[in-house]
Participant: 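This is the structure I want to talk about, given as structure tokens.
Only a predicted model underlies this, so the values are computations on that prediction, with no experimental measurement involved. Below, chains carry the letters A, B, ... as their sequence lines are ordered, and counting in each starts from 1.
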Amino acid sequence: MTANGAADVFLLDGEPIPFAPGQTVMQAALAAGHYIPHLCFHHDFKPHGSCKVCTVRVDGATTASCTLPAQAGMSVECKADDLEENRRTLVQMLFVEGNHFCPSCEKSGNCLLQAVAYDLGVLDADLDYFFPSRPLDASHPDLLLDFNRCILCELCVRASAEVDGKHVFALSGRGIGKHLIVNAESGRLVDTTVAVTDKAVDVCPVGVIIRKRVGFAVPIGRRRFDARPVSAQALEDAPRRAPPEAAP
Amino acid sequence: MSRSAQREGSPVNDGAPRKLRIATTSLAGCFGCHMSFLDIDEKLFDLLRHVEFDRTPLTDIKHCGPCDIGVVEGGICNAENVHVLREFRRNCKILVAIGACALNGGLPAQRNHVDLGACLQEVYLTEPGLARGCMPNDPELPLPLDKVHPLHEVVKVDYSIPGCPPPAEAIWSFFADVIAGRTPHLGHGLIHYD
Amino acid sequence: MVDAAPPSPNVARLDAVVAAHGARATELVQILRDAQALDGWLPPATITYLAHRLRLPRARVEGVAGFYAFLHLTPAGRYRVLFSDNVTDRMAGSLDLLDRLCTSLWIERGKVSEDGLVSVDTTSCTGMGDQAPAILVNGRAIPRMTPERVDAVAELIRAQVDLCEWPADLFAVADNVHRRDVLLDAIVAPGDALRAAIARGAREPERAGSARSWREGVPALPQGPAATLEEIKRSNLRGRGGAGFTTGLKWEACRTAPGTTRYVVCNADEGEPGTFKDRVLLARHADLVLEGMTVCAYAIGATQGFVYLRGEYEYLAAPLRATIARRRAANLLGTSILGQRGFDFDVVLHLGAGAYVCGEESALIESLEGKRGVPRNRPPYPVTHGYLQQPTVVNNVETFCAAALIALNGGDWYRGLGTPRSTGTKLLCVSGDCARPGIYEYPFGTTVRQVLADCGAERTQAVQVSGPSGTCIGAAEFGRKLAFEDLPTAGAFMVFDDTRDMFEVARNFAHFFAHESCGFCTPCRVGTTLLRNVMDKIHGMRGSQHDVDRIRRLNRLLQASSHCGLGHTACNPLLDTLKRFRPAYERRLQSLDFEPAFDLDGALARARAMTGRDDASAHLAEVDEDASAVAGRGQP
Ligand SMILES: Cc1cc2nc3c(=O)[nH]c(=O)nc-3n(C[C@H](O)[C@H](O)[C@H](O)COP(=O)(O)O)c2cc1C
Ligand code: SF4
Ligand code: SF4
Ligand code: SF4
């Protein structure tokens, strides 16, 4: 409870954040206009908690903020140097794990991984690259799958199951061998029920699921995150919830 | 970084701060980063008031001597690249990787999932009309490595300027910071991977 | 969404497999195991057909199959030989034996022979540390491998003898119990502990009635369960699976959680390398384990139980099922157990399929539900939202045994054993450099030195307590006590004498974690592989201080942001050995500064071969020859 007893709040880097019952720290923070860096979180879906970029500290313990239920009075630390350092390393890990050649990627400038990396001031990967071999799937007439850029956020998996009701995508393998698969015995996208209009196609934060023949409609340099950093835009994406009876 | 050391080959000390000595080179790159460097345009004159060039594509110096800053464009795709990179590392107090190819291998590294043998075979033996169907074996030619590597996998790199190429403003911002004795910092709009 | 069934050669046999599991999607892992038994792998058409029969998306089924190491989506050979690859197996010469088998069969490790007959590879510790080196053939354990036994196996494979006709002595697994205490000495007739639990309620109503806050908000219960729970709480029993959570509190939380059905799960995944006590308990004291589960069911009001048995112990499945059946016949399982109206509880056996992470309780539950074994987000915890989102108790095999003894003898009796904060006894799994490897039961609080003396260990350099995720200690610490308050342990006790290279021990563990990471979260998925690579780099004599710093940085990240205990502990063996056996690392470090991870000259080998060149400039030295000359030039 706040001092005036109006609403439940917790502190995020010292700032009071109101929240509704059932909200996680991430959901409440975004709704209140505070950005916490994230990749696998998407406001349309149940928090997943796998990328760990949103890790924060509460009472000395670190945990992913997207899955952490908000509780009145908790004090959440997000901007600490060590947390930021860890976030940079996580992003660098995702870069070396796949093959990200941004100059030839249609998603460049609209890509969340890139944008989060820019925002965190990531200049290079620092780690040794894995250079995995991941062949493309160009079987579908309207869609291309470039697995080289997959960050395994499972947003397409969740969107296809929950919104499109199709289960076009799933994960297989484990550990560093974990990878995206499609719902067809042939293993090819063309043999699934995917449609260009699917939410799963839209939701991919990076350049894996690409619509054919529409690339580069907006030139590089004039794309979404060229204009403003993701930290300034994530707030606009998030459904704002007026803090329940917060303002006096 | 220390800027007090005075050494041979530097201009006469007229009381002004010693000029920073800079070397640059392009390895497995396309010279795009160098072109972007030149795109700082009139700021080149500002720069030249504070720096002097050792080995660069602009000077005729064949080997890098002791320098304050070495700027390397391009990744490492052959033995020659390794020698040059090591020369830079030995001689430069600060080694800067510039551009996508230096940082992650870039376009040349797209060959990394192809077997080098198969690649050479295809280019020199199988593919008709090339090199009269024989494998070039002149000792003058640097041998290719089986994979293209970014610089930081071969030597320690001190700073990186990303981009393909990095915007001229980012390059200028880096030099401006160094000249002013500040820790280089690239803000929004200056960090680009594309 | 479910398409018409495509033709499949196996339809009739697959139908039988599906039917045997009631066509339940929650049984997917079991169904895939059984389906694989038909062909030795899971062909695409099989996956498609099973998905169709279970009304699951095909990609879901493929994704589950792709998760488990023992399920194969590509042909793996009619005989699949896996060498246990724990460090203790290696110390016993497993790699030479592996090479011997490969040579004998004319195959390359990790590849299926051209005729599709056989493949030979390694797998994570198979729980035979006291009789290493061990192998699995099509999932069946064969311990104590020797050159002779390897040759025998090779011969049987070449002659294509059916596995069930292989000589029985190959499969004989020893128990090797060397020290007994209250648990291993207990003579408990099936049902005794249950009868005591039921009787206790009737006998001691005052104590149950005077119990404290735990009764608040609890639906009215018969005295027996309440009194039983009270005894477990009084005993101060803490979980034996590693985390050491107080069992009584767990049971109580489950009992009071709202739900329609309550579940009891016995965690017999025993994946921690160097641990094998649950195998012995299940082999010799299966009744006690099941009795403990039933006591738990009685105390919390659960109706369904599962034993999640690791795939490596498949050979224990049939005897366990027989024990379950026997207990059912004796009315110790089933409905109205021992004539108590409403006391209904039964147990089903589930087999794992090669995934260490499935020992983590929420991953285990996912696996029980027929999914990929990925740990869940917690909270909520299994005690409130476990199997099928219902209240579920997950306990280790040994915990259930102790619970049964407590039900029989009372909590006060149990808390008189061990130390105040670690009551009772603990089974240790002693392996490595000692004269008498095997199972030792001690009261908590026993020193490491005592154990070393009892097992005949000499010139001991180090002990890995509780496996790779535990602690590695050196001789200076052998006075420490095995107890939650000093050296907590799930049981593993791997001994290394002064001839062992502790760097290689840590490297083996780094490989283990990289192999077993479930891949859900970024820090562990990528981090465990980076750690493995760094250790291989140092092993290859290309390490530098830079790499040691990297290990420390990765540790901070994995500690702070991993999703489960696997990632949290993955750096432990590296940090422990760095701290205590630093020279083992330093001997290998090439420089203080930086070394590439790969051999630059080696990276030219392919080009040299293609061009036929071998001149000086076709090579790269570790350091350029002109380096010294150039470096001398005009340095300030
Ligand atoms: C990666 C990982 C593996 C685990 N493996 C096992 C195991 O094989 N057996 C076990 O009993 N507990 C294992 N645990 C601990 C379980 O999550 C859980 O704490 C335990 O089964 C609870 O039972 P207990 O309270 O009786 O110890 C593991 C935990 C983690 C994080
Ligand atoms: S997906 Fe994003 S980070 Fe990856 S290559 Fe494309 S733009 Fe770059
Ligand atoms: S394809 Fe895109 S949305 Fe799907 S898991 Fe990969 S990165 Fe995430
Ligand atoms: S820490 Fe490792 S094992 Fe645990 S959830 Fe993350 S990836 Fe999976």
Side-chain angles (χ1 to χ4, degrees), chain A residues 39-40 46-55 57 61-64 66-69 82-83 85-87 89-94 96-97 126-128 130 151-154 157 160-161 165-187 192-193, chain C residues 1 3 6 44-45 47-48 51 56-69 73 355 357 372-374 376-380 513-530 532-534 537 550 553-554 556-563 567 596-598:
Chain A
L39 288 169
C40 72
K46 193 165 158 259
H48 187 240
S50 63
C51 78
K52 302 294 177 194
V53 169
C54 72
T55 300
R57 182 161 35 233
T62 44
T63 176
C66 66
T67 50
L68 176 68
D82 60 330
L83 297 174
E85 180 62 37
N86 284 348
R87 288 184 189 122
T89 309
L90 289 171
V91 166
Q92 289 169 323
M93 283 176 160
L94 292 170
V96 300
E97 181 188 24
D126 191 32
L127 306 161
D128 287 6
F130 293 6
I151 58 171
L152 304 166
C153 67
E154 287 186 54
V157 179
S160 190
K166 291 184 182 176
H167 302 277
V168 168
F169 300 101
L171 292 179
S172 187
R174 79 164 185 226
I176 201 64
K178 190 171 82 159
H179 61 277
L180 193 68
I181 56 170
V182 300
N183 196 27
E185 188 174 306
S186 66
T192 69
T193 53
Chain C
M1 195 193 1
D3 307 318
I47 298 285
T48 306
L56 289 170
R58 184 189 186 284
R60 239 301 288 286
V61 177
E62 184 184 344
V64 170
F67 184 85
Y68 296 92
L73 290 165
V357 71
R372 293 163 58 81
V374 173
R376 292 177 176 172
N377 283 310
R378 290 138 291 150
F513 285 118
H515 185 257
E516 296 298 338
S517 166
C518 84
F520 173 74
C521 67
T522 315
C524 171
R525 182 180 69 243
V526 186
T528 52
T529 292
L530 289 170
R532 184 197 68 194
N533 293 350
V534 170
K537 179 182 178 187
R550 170 79 69 206
R553 288 218 299 283
L554 285 172
R556 284 197 292 275
L557 175 70
L558 267 74
Q559 293 267 1
S561 57
S562 292
H563 184 66
F598 63 101

Participant: Counting C-beta onward and ignoring hydrogens, is there a side-chain heavy-atom pair between Ile47(C) and Glu185(A) closer than 4.5 Å?
Facilitator: no
Participant: Given a strict heavy-atom distance threshold of 4.5 Å, which part of Arg378(C) is in contact with chain A: side chain, backbone, both, or neither?
Facilitator: neither
Participant: With a 4.5 angstrom heavy-atom cut-off, is it the side chain or the backbone of Ala161(A) that approaches chain C, or both, or neither?
Facilitator: neither
Participant: Sort Leu152(A) into side chain, backbone, both or neither according to what part of it lies under 4.5 angstrom from a heavy atom of chain C.
Facilitator: side chain
Participant: Of the backbone (N, CA, C, O) and the side chain (C-beta and beyond), which part of Ser172(A) lies under 4.5 Å from a heavy atom of chain C, both, or neither?
Facilitator: both
Participant: So for Val157(A), is it side chain, backbone, both, or neither that comes closer than 4.5 Å to the heavy atoms of chain C?
Facilitator: neither
Participant: Please flag which part of Phe598(C) lies under 4.5 Å from any non-hydrogen atom of chain A: side chain, backbone, both or neither.
Facilitator: neither
Participant: Is there a side-chain contact between Met93(A) and Leu554(C), using heavy atoms and a 4.5 Å cut-off?
Facilitator: yes
Participant: Go through Thr522(C), Asn533(C), Leu530(C), Val64(C) and name the one with the most non-hydrogen pairs under 4.5 angstrom from chain A.
Facilitator: Thr522(C)
Participant: Need one label for His48(A): side chain, backbone, both or neither, based on atoms under 4.5 Å from any heavy atom in chain C.
Facilitator: both
Participant: If you compare all heavy atoms of Ala69(C) against all heavy atoms of Arg174(A), which two are closest, and at what distance to 0.1 Å?
Facilitator: N-NH1, 3.7 Å
Participant: Does the side chain of His515(C) reach to within under 4.5 Å of the side chain of Ile176(A), using non-hydrogen atoms?
Facilitator: no
Participant: Can you tell me which portion of Leu83(A) sits under 4.5 Å from chain C's heavy atoms? Options are side chain, backbone, both or neither.
Facilitator: neither
Participant: For each of His563(C), Arg372(C), Gln559(C), Glu516(C), tally heavy-atom pairs with chain A at distances under 4.5 Å, and name the one with the top tally.
Facilitator: Arg372(C)
Participant: Using non-hydrogen atoms and a 4.5 Å limit, figure out which bit of Ala65(C) sits close to chain A: side chain, backbone, both or neither.
Facilitator: neither
Participant: Could Glu97(A) and Arg525(C) be called an ion pair, given the rule that one side-chain N must be under 4.0 Å from one carboxylate O?
Facilitator: yes
Participant: Under 4.5 Å from any heavy atom of chain C, what part of Asp82(A) do you find: side chain, backbone, both or neither?
Facilitator: neither
